[in-house]
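Atoms within each ligand, like the ligands themselves, are counted from 1 in listed order. Note that the structure is a prediction, hence the values are computed from the model and not measured. Starting from 1, each residue takes its place in the sequence as its number.
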Amino acid sequence: MSHEAFYRITYGLYVVGSGDGDRMNGFVSNTVFQVTASPARFAVACNKDNFTCELIRQSGVYSISVLQQEARADLIGLFGYKSGRTVFKYETVSYRTGRTGAPVLLEDTLAWFECRVVQTIDVGTHMLFVGEVVESGVLPCSEPPLTYAYYREVKKGKSPKNAPTFISSPEPERAEPVRASLPKYSCAICGHTYDPAAGDPDSGIPPGTLFEDLPVDWCCPVCGAAKSEFSRDS
Ligand code: FE
């Protein structure tokens, strides 16, 4: 089996949210797809271990926020790599409670949908929730939607372990231009690699900054892990 073949499939990236009024949570999903047009229905795959999976099963509703291409890394880190069982993810972001009761993320979002579950399919590690669209809208944003390919290749993101597309073998390395051999460091939590040649411009770290010279309070731009969670690549 070729793992590389799996990387030829294209996906978008979304924040799928659910809640019952008291509790709410959301996670980054790349497996959101429209399955029928009339009535308009989507399918969303959700790992059974995810808190959001539990909430969708209980509430029977979910929201989909379509992320824009330049969505903030810390937003993706918050929704993609933190557990809603320990962090209230909506505390620091802009959202509203939708008609269905599901939270709709409004930051870095191009468009949103609210769905009511009409079919639930157990597919092993994940549940597939087919939902009928009950509300949708667009938000003013000129950026294109974020694709999984852009996230991997430009933003250097990796799949969280609960993603249906997570592959436990090392992801194939992309060809990179030859650079000075400055040591790279990778995050133990999310796999993000700090490349000194690129720096971390979003955090004001200029290209050429060695990992050792990063401020002590610097943290992973993807998942927010502390600098101490990084180890040198072999
Ligand atoms: Fe990380």
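By the 6.0 Å and 45° rule, K227 stacks over the aromatic ring of F211.
Between F79 and Y90, the gap from one ring centroid to the other is short of 6.0 Å. Ring-centre distance between W112 and Y14: not below the 6.0 Å cut-off.
Using a 4.5 Å cut-off on side-chain heavy atoms (C-beta onward), L75 and V93 make contact.
With sequence neighbours excluded, no residue satisfies salt bridge (Lys or Arg N to Asp or Glu O under 4.0 Å) with D22.
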Check: Checking ring pair (Phe, Tyr, Trp, His ring centres under 6.0 Å) for the pair F42/F113: CA distance, chi angles, key distance, verdict?
Finding: CA-CA 9 Å; F42 279 95; F113 301 86; 4.8 Å; yes

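By the criterion of a separation under 2.8 Å, the protein N/O/S atoms near the Fe ion (ligand 1) amount to C187 SG, C190 SG, C220 SG, C223 SG.
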